[in-house]
Amino acid sequence: MTTQTMLASMRTLLGLGEPNHVQRWYQGRNGADYAGNPPWCDEAITWAAAHSQDPGDYKAVCPKGDRAYTVYHAQDYQRLGEWHIGTADQVHQAMPGDIVFFDWSGSNDLGAVDHVGICEVNLGGGLLQTIEGNTSDACKRRVRDASVIAGFGRPPYRNGPAPTPPKPGKAPRWPGRFITQPPIMTGPDVRQWQQRIRDRGWKITVDGAYGPNSEAICRAFQREKGLQVDGVIGPDTWRAAWASPVT
C-alpha cells in the first residue's frame, strides 16, 4: 500500500469526462441504483484504489468497501481514528495520498461533506493541490484551501509520502521512428519512454512493448500537456516526457 501507486492510479483519470468508464464500473459492482450519470467524485477514488498496481491500496483507501457517498466515506476514517478536521493548522499537515473531503458551505461538519478528492501536493500556506473526479464534469487538478476543506482521511499507506517526481531536463535524442500500435511495436526506445512516464507517476508497465495500455497512457499524457492527442510517440511527445514539468 503506497502513496505513489495510489496517486499514479488517480492520475490515469485526469482529463476524463462524463459519462465515463468509472461510472459504468461502479454500477457493475454496485447495481442499477448507480446507473446513468450520477455524481462520481468518490467513485473515482474507489476506482483508483481498486485499480492501483498495489492491491493493498484498496483496503487502505476504502476500509469499508466501495464508496460513492462522501459522508459515509468520511465517517469510515472517523471510526478508524484517521479523520483530521479541515482547520488551517490541520490542512498544513496534510500529506500526498490523503483523501480530502469538501463542504462548499465552508463548515467542518463531517455530515455536510459533498465532494472528495486526493491530495497530490501540499503547497504550503494552507493550500493543497488535489486530483478530483466530477469537478466541472471531469477529472482535474485543483488547488483548494482550508475554507472549503471539511477534513481529510489518512489511509494507512505503508511507504508514507510519495517520492519527489523527476525535474524537467533535456530529453534524450528522439529514436527516429513514430511509436504506435497496432501492431504492437517493441524495442529499447519503447522501454525508455515507458520508464520515464512511470517515473513521472503514471501507471504503466515497463516491458518494451507499445500496446493498448501504453497508448492509453500516451493519450492521457498528451491531453495533459496540450499536445496532439493521437497516441503516437513522435518528437513532441518524446521530448515532453523529459522536458515538461510534472503537473
Side-chain angles (χ1 to χ4, degrees), residues 1-14 22 25-26 29 40-87 89-102 110 113 115-124 126-133 139-144 146 149-166 195 197-206 217 220 246-247:
M1 298 171 289
T2 69
T3 307
Q4 182 183 19
T5 51
M6 179 60 191
L7 285 172
S9 187
M10 195 70 187
R11 288 184 186 118
T12 66
L13 298 179
L14 285 167
V22 169
W25 171 84
Y26 199 91
R29 283 166 65 101
W40 53 281
C41 58
D42 216 354
E43 293 181 5
I45 297 291
T46 301
W47 183 96
H51 288 80
S52 170
Q53 286 187 332
D54 189 328
D57 286 347
Y58 177 76
K59 183 64 175 177
V61 173
C62 302
K64 299 298 182 180
D66 291 359
R67 287 301 189 208
Y69 183 40
T70 53
V71 171
Y72 288 169
H73 202 168
Q75 289 172 341
D76 293 342
Y77 288 112
Q78 184 184 52
R79 294 187 185 101
L80 293 172
E82 295 293 346
W83 175 254
H84 303 263
I85 196 168
T87 62
D89 286 345
Q90 288 291 313
V91 170
H92 180 71
Q93 300 177 46
M95 299 169 60
D98 285 345
I99 307 303
V100 186
F101 296 85
F102 304 95
L110 189 149
V113 165
H115 187 62
V116 67
I118 188 169
C119 176
E120 186 177 31
V121 182
N122 190 323
L123 299 171
L127 299 176
L128 303 182
Q129 177 177 301
T130 59
I131 302 175
E132 303 166 20
C139 182
K140 299 181 179 182
R141 287 186 171 95
R142 297 294 194 189
V143 175
R144 307 292 193 186
I149 297 174
F152 56 91
R154 177 154 295 160
Y157 301 115
R158 65 186 177 202
N159 283 12
T164 303
Q195 184 62 60
I197 289 296
R198 183 166 182 169
D199 290 345
R200 294 177 66 100
W202 294 84
K203 180 182 176 183
I204 188 170
T205 300
V206 181
I217 297 297
V246 177
T247 55

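Fair warning: this is a prediction, and the values are worked out from it, not measured in the lab. Residues: numbered from 1 along the sequence shown.
- Side-chain atoms of N122 do not come within 3.5 Å of backbone N or O of P96 as any donor-acceptor pair.
- Scored by the side-chain contact (heavy atoms from CB on, under 4.5 Å) test, V91 finds L128, A146, I149 as partners (sequence neighbours excluded).
- Contact record, A50 with W25: CB-CZ2, 3.7 Å, taken as the closest heavy-atom pair.
- The side chain to side chain donor-acceptor pair (under 3.5 Å) search around T130 returns E132, not counting sequence neighbours.
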Pair up each side-chain donor or acceptor in residues 79-87 with any protein partner under 3.5 Å, not counting sequence neighbours, and list the distances.
unit_1	atom_1	unit_2	atom_2	d
T87	OG1	Q90	N	3.3

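- Scanning all heavy atoms of the two residues, the minimum distance from F152 to F101 falls at CA-CD1, 4.3 Å.
- Between P63 and D76 the shortest heavy-atom distance is CG-CB, 4.0 Å.
- Take Q195 and apply the side chain to side chain donor-acceptor pair (under 3.5 Å) test, not counting sequence neighbours, and it matches D199.
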message = One pair to check against side-chain contact (heavy atoms from CB on, under 4.5 Å): R144 and V100. What are the steps and the verdict?
response = CA-CA 10 Å; R144 307 292 193 186; V100 186; over 6 Å; no
ask   = When you look at R142 and H115, which way does the side-chain contact (heavy atoms from CB on, under 4.5 Å) test go after all the steps?
value = CA-CA 13 Å; R142 297 294 194 189; H115 187 62; over 6 Å; no
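- Formation of a donor-acceptor pair under 3.5 Å by the S9 side chain with backbone atoms of T5 is not found in this model.
- Applying the side chain to side chain donor-acceptor pair (under 3.5 Å) test to W47 and every residue at least two apart in sequence or in another chain returns H51.
- Looking at residues two or more places apart in sequence or on another chain, you find a salt bridge (Lys or Arg N to Asp or Glu O under 4.0 Å) between R154 and D98.
- Here the closest non-hydrogen pair linking A60 and P156 is O-CD, 3.5 Å.
- Minimum heavy-atom separation, R67 to Y26: C-OH, 3.2 Å.
- The shortest non-hydrogen separation linking R141 to I131 is CG-CG1, 4.1 Å.
- A side chain to side chain contact (heavy atoms under 4.5 Å, CB included) with S52 holds for exactly one of V61, T12, D57; it is D57.
- Remark: M95 CE to Y157 OH distance equals 10.0 Å, nearest 0.5 Å.
- Scanning for side-chain contact (heavy atoms from CB on, under 4.5 Å) contacts around L123 gives V121, L127, Q129, V143, with sequence neighbours left out.
- Residues satisfying the side-chain contact (heavy atoms from CB on, under 4.5 Å) test with V71, not counting sequence neighbours, are Y69, Q75, L110, V113.
- Considering only residues two or more places apart in sequence or on other chains, D66 meets the side chain to side chain donor-acceptor pair (under 3.5 Å) condition with R29, N30, Y58.
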